[in-house]
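The first residue in the sequence is number 1, and the count goes up from there.
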Amino acid sequence: MNAPLILFVYNRPQHTQATLEALRSNEGVANTPLYIYSDYARYVDDIPKVEATREIIRKVDFFQSVHLIERTENWGLARNVIAGVSEVLASYGKAIVLEDDLLTSPFFLTYMNQMLDVYQDEAKVFSISAYQFPAEDFTPPADYPYDIYFTRRSSSWGWATWIDRWQSIDWKMSDYPQFRRSLSQRRQFALGGDDMPDMLDRQMKGKIDSWAIRYCYSQFKQNRLAVYPVESYIINKGLDGSGTHGATEKARAEVVNLKAAGLKLPPSPELNPEMDANFARQYAYSFKTKVLNLIKKSIRYEQWKR
C-alpha cells in the first residue's frame with residue numbers, strides 16, 4: 001500500500017475537480033488511501049461554494065479508500081492542516097499532502113512514495129517536495145547529474161513527510177523571542193529565501209495564519225533539508241486570486257511527465273552550492289525592497305530605543 005494522500009479543500013469546486021481528475025490518472029492511485037479535509041465557510045457568501053465542493057468530493061471512488069472529514073465550523077488553513085496531517089500520520093507514519101489547486105503529473109504518487117521510502121531513515125531529510133520552478137527561472141547547471149536536489153526550505157505545493165519529523169515541530173514557536181533578536185539567526189534563516197524571516201515575524205504578530213512558515217522554521221532550527229525534483233510533478237492552478245495567498249508566484253506552464261522509476265539520486269543529502277544559490281534567488285528581494293525594509297527596521301529600532 002502506498003502512503004496515504006491528504007487533500008485539503010475549501011470553496012473552489014472547479015479547482016478541486018481539476019485536482020481530482022489529475023489524480024485519477026496517477027500510477028498507484030488504486031493502492032492509495034485518500035483523506036479529504038473540507039473546511040467550512042468563513043463567510044456566509046462562501047457557503048454555496050463550500051457545498052458545491054463537497055458535492056464533488058463525495059463522489060470520489062477511484063482511490064483504495066476515501067475518508068471525508070467535513071468541518072462544521074471554519075478552522076482556517078493552518079489549523080486544518082496541522083490537525084489533519086497529525087491525525088493521518090498517527091495512523092500511517094507517513095503521508096503525502098496536497099491542497100485543492102494543484103495538478104499532478106501521472107507519476108506524482110510514484111515519485112513521492114519512492115522518495116518517502118528512500119529517505120525514511122535519513123535523519124537529515126525533513127520533507128519531500130514535488131514542485132520545481134519554471135525552467136525560465138531555475139535552470140540547473142548543465143553538468144548537474146541528478147534528478148533531485150536538496151534545499152534549506154520545504155514546499156507547501158505538494159509535499160510529504162514522516163511522523164517523527166512532524167512531531168519534532170514546536171508550533172507555538174517558543175524560541176521565537178530569541179530568534180527575533182538574533183541577527184545571525186535571521187541571516188541564516190534567510191539563506192532559504194529573503195522572505196522567510198519577515199514572514200515568520202508576520203505570523204507571530206498574527207498578521208498571517210501560516211503553518212508552512214513554522215514548518216520551514218523547524219527545518220531550519222534542526223539543520224535539516226528538503227528534497228526537490230529537478231523536473232516538476234506539480235502545476236499550481238490557484239494563482240488566479242481565488243486562494244488564500246493569491247497570485248504571488250509563477251507556476252509551471254506544464255507538468256513534465258517524467259517517470260519516477262530509475263531516478264538518479266545524490267549519494268548523500270547535501271546542499272549543492274550552485275543549486276542552493278539558484279534556489280535562494282527564486283525568493284530574493286529586489287534592491288528596492290531591501291532598501292525599504294532597511295529603512296523600516298531603522299525606524300522601528302529608533303522607536304524601540306525611545
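- Put simply, the side chain of Asp175 never gets that close to the backbone of Gln178: no donor and acceptor are under 3.5 Å apart.
- Applying the 4.5 Å side-chain rule to ILVMFWY residues, one finds that Trp75 remains a lone member of its cluster.
- Here Arg180 does not pair with Asp201 in a salt bridge; the nearest charged N to carboxylate O distance is not below 4.0 Å.
- Look at Lys94 and Asp117 and you find a salt bridge, because one of the NZ, NE, NH1 or NH2 atoms lies within 4.0 Å of a carboxylate O, short of that distance.
- Side chain to side chain, Ser38 and Glu70 fail the donor-acceptor criterion of an N or O pair below 3.5 Å.
- Applying the ring pair (Phe, Tyr, Trp, His ring centres under 6.0 Å) definition to pairs two or more places apart or across chains, those involving residues 16-56 are Phe8-Tyr37, Tyr35-His67, Tyr35-Tyr92.
- In summary, the side chains of Asp198 and Tyr285 do present a donor paired with an acceptor at a separation below 3.5 Å, with no hydrogens or angles considered.
- Listed by first and then second residue, the ring pair (Phe, Tyr, Trp, His ring centres under 6.0 Å) pairs involving residues 166-193 are Trp159-Trp166, Trp166-Trp171, Trp166-Tyr215, Phe179-Phe189, Phe179-Tyr217, Phe189-Tyr217, Phe189-Phe220 (not counting sequence neighbours).
- For Thr32, the side chain to side chain donor-acceptor pair (under 3.5 Å) partners are Asn2, not counting sequence neighbours.
- Contact check on Arg187 versus Asp194 returns no salt bridge, with no Lys/Arg side-chain nitrogen under 4.0 Å from an Asp/Glu carboxylate oxygen.
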Please test Tyr149 against Val230 for side chain to side chain contact (heavy atoms under 4.5 Å, CB included), starting from the C-alpha separation and ending with a verdict. CA-CA 7 Å; Tyr149 65 105; Val230 171; 4.2 Å; yes
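- Side-chain atoms of Gln282 and Asn278 include a donor-acceptor pair closer than 3.5 Å.
- Every residue was checked against the salt bridge (Lys or Arg N to Asp or Glu O under 4.0 Å) condition with Asp164, not counting sequence neighbours, and none meets it.
- At a threshold of 4.0 Å, the pair Glu99-Arg12 does not count as salt-bridged, since none of the basic side-chain nitrogens sits closer than that to a carboxylate oxygen.
- Side-chain N or O atoms of Gln203 include one that pairs as donor or acceptor with a backbone N or O of Ser210 at under 3.5 Å.
- The salt bridge (Lys or Arg N to Asp or Glu O under 4.0 Å) search around Lys124 returns none, not counting sequence neighbours.
- Distance alone, capped at 3.5 Å, places no donor-acceptor pair between the Arg153 side chain and the Cys216 backbone.
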